[in-house]
Every structure is written in C-alpha cells, then in structure tokens.
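We count ligands from 1, going down the list as the structure has it; atoms in each ligand are counted the same way.
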Amino acid sequence: MISRSTSSAPGKVILFGEHAVVYGRPALAVPVTQVHADVEILDSNSTGIWIHAPDINLHSELNALPSDHPIASVIHNFLFLSRQSVSPLGRGAGGEGKFPNLNIKISSSIPVASGLGSGAAVTVALLRALSSHLNYPMTDEEVNAFAYDIEKIHHGTPSGIDNTVIAYAKPVYFIKGRLIETFKVGAPFTIVIGDTGISAPTKKSVADVRKLWEADKAKWESVFDEAGDIAKQAKEKIETGDWRLLGGLMDQNHALLQEMTVSSPELDRLVEAARKAGASGAKLSGGGRGGNMIALIERENADDVSSALISAGAKNTIITQVS
Ligand code: PMV
C-alpha cells in the first residue's frame, strides 16, 4: 500500500509593529486560515524525490534544484537532521541509508511575496509532512526553530515573527529572541485584507530600513520605539475587548511605516480608500512596498470596504475575523 502524509499551514497577517520588530520592538500577528499552504507526500515507484508545485510551475527532482532553492533547502536540511545519530527521543534512523523515493505535492493559496507569510507556511507544512511521513516527530518548538533557520537563508535578517505565528497557528505578541507569548482576544473583531497584487521582496525593504537606521541610529531608534509602543497599546486594547480603539493605532503605525519609506502609492491608495469607505483605521501589513494592507471594520461594513478596495485597485480582498 502506498503511504500518504498530508499537512497544511495557514497564512498570517501582521497587525502592528512590522520592521520595528527586527530591532527588538514588539509586534502583533495573527494566523489567516482563509489562505494556506498544503503538502501531500506519497511513496513513489520512480527513483528520487520529486517535487510538484504547480502554482510556481515547478516539477523537478530534488537534486536538479540548486541546494539553496527555498523548497530544496527545507528537504535537504530535514534529511540531514533526520539522519543524525539517533536522538535522545529515539528518533532518526542515523547512518547513511538510501534516500526514500517520494512524490511531494505542494500547493498554496497564499500569494507569494505579499506579506501573508507564503514562504514560512510552505516551510512549516512541508516540514510537518516530511516529519510525519519519515517518522521523525518534531515538537512545535523544533518546527519553529527549523523554519526560522530557513527564513534566515532567504530573508537576510528576519525577526522570526512569520515562522512563529505560522508554526503555532495562534495570535502572537512577538519580541525577537523571547519565548513565544500569545494574547487573548477580549472581543472578536473584523479586518479586511487588501492585496495590491504587487510582489515585493521583504528582504529588500528590510535592507533599506537598515540603511536608514545605520545613517541615523538615534532618529530611527525613536521611530521604532513609537511603533513598539503602539503594538503594546494595541495588545492591551485587544485583550480588554476595546478593539474599536485599534483604528487610530493602525493609522499612527501606517504613518511611521511611511516614514520608514516602506509604503508605496498603491498601498497608500488602498489605505485611503478603506478609510473613506468607513474603516476606522488602516495600514500596510508586512514588508511593504507592495503586498497587503489591512483595515479595521465593523462587520456590517465589510462588503462596502472590500468593494472600495477593489475599485481602488486591489487585486483581491479577504475578510477575516480575529478571535
Ligand atoms: O514577511 P512579511 O512581508 O510579512 O514581513 C515580515 C515583517 C518584517 O518586520 C518587515 C520583517 C521581519 O522579519 O520581521
């Protein structure tokens, strides 16, 4: 019988604190389950490890891919890890045995390079499917640490927020280097996510913010402090159920992100359109320069704000409840 393993990981959205989080300030992020990465692994009769990812037009044997390819690097690193000598938990075959023959199918509804965590979601789903298929159980902490190492290969100096919120699939109040802290949602609230349709690599915007910081550390440390303070206040409002007060904080956070030069005319247009259509606040979300923005809305305004975003150029919207 052919054995089969599957796994899925959600997208994520950053509510507050992107970029400043790279410099040790807190940020808030939540999973977005409407979009997800899905992985299926089947034993194969053909030799090798075959990867099929139709969304990115990838059909290849593992060894035909460069070793630093985002998907190949997850598989290589996992195989290396699982072949280390038998761990204290009794996992891992150890030794140099033959590689398994596998068919790995990867699909994702998370737009690439758009601030919704597509890379981290594929890594986490792939890792969990491999760990189950090859009988090498991993804890959430191990999955998270592994996914962070992969993020570091591809994103320069990531804070680790993406892999953390996706590996735990929980709302996260994230401070780089600290133990994971989740937060309670006192009363559920609704946000609409608007996609500019422009893919923008986070690595570049993070590197540009670093150049600004290097040129005037005192100035940017104080901007990051302001962003961190907004994230702290937002956490309190969410926990006490005062979510209506988040709109103003989103607007303030967006202004700081504009100052960091990571907004764009398209993002600003969507943010403005959401506010005009009744959102109580809006901001870009994630690396910026493209990708997604979020707006805080009353549930009954969701369709109006969503249509206004589409009229202002959004390629897609997602209405999601934070609960
Ligand atoms: O992956 P994105 O685009 O959601 O951005 C991650 C958030 C940043 O703060 C810009 C970078 C990071 O590593 O935290």
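A ring-centre distance under 6.0 Å is not found for Tyr173 and Phe183.
Those atoms of ligand 1 with a heavy atom of Gly286 less than 4.0 angstrom away are 2 (P), 3 (O), 4 (O), 5 (O). In the vicinity of His19, heavy-atom distances shorter than 4.0 Å reach the ligand 1 atoms 8 (C), 9 (O), 10 (C). Each of the following atoms of ligand 1 lies closer than 4.0 Å to a heavy atom of Pro158: 13 (O). Contact atoms of ligand 1 toward Glu18: 9 (O) (distance under 4.0 Å to a heavy atom of the residue). Taking every heavy atom of Val21 and a limit of under 4.0 angstrom, the matching atoms of ligand 1 come to 9 (O), 14 (O). Numbered from 1 in the order shown, with element, the atoms of ligand 1 that lie under 4.0 Å from a heavy atom of Ile161 read 14 (O). Each of the atoms 12 (C), 13 (O), 14 (O) of ligand 1 lies under 4.0 Å from some heavy atom of Ser159.
Taking atom 5 (O) of ligand 1 as the reference point, the nearest protein heavy-atom neighbour is Gly287 N, 3.3 Å. Annotation: atom 7 (C) of ligand 1 to nearest protein heavy atom, Ile14 CD1, 3.5 Å. The single protein non-hydrogen atom nearest to atom 4 (O) of ligand 1 is Lys12 NZ, 2.6 Å, given as residue, atom name and distance.
For Lys176, the closest heavy-atom approach to ligand 1 does not fall below 4.0 Å.
When all heavy atoms of Gly194 and Leu309 are compared, the pair lying nearest together is CA-CD1, 4.2 Å.
No more than 12 heavy atoms of other residues, nucleotides or ligands lie within 6.0 Å of CG in Asp303, so this atom counts as exposed by the packing criterion. Surrounding CG of Asp216 are more than 12 heavy atoms belonging to other residues, nucleotides or ligands, all under 6.0 Å away. Atom NZ of Lys237 is surrounded by more than 12 heavy atoms from other residues, nucleotides or ligands within 6.0 Å.
Thr261 and Arg289 are linked by a side-chain donor-acceptor pair at a separation below 3.5 angstrom, with hydrogens and angles left out of the test. Judged by distance alone, the side chains of Asn292 and Ser114 do bring a donor and an acceptor atom under 3.5 Å apart. A donor atom on one side chain and an acceptor atom on the other are not found under 3.5 Å apart for His154 and Asp68.
Taking only non-hydrogen atoms, the option from Val22, Val206, Asp162, Asn163 nearest to atom 6 (C) of ligand 1 is Asp162. The heavy atom nearest to atom 3 (O) of ligand 1, out of those in Thr202, Asn292, Thr157, is found in Thr202.
In Glu151, neither the side chain nor the backbone holds a heavy atom less than 4.0 Å from any atom of ligand 1.
Between His52 and Trp50, the ring planes are parallel. Angles under 30° get that label, and only those over 60° would be called perpendicular.
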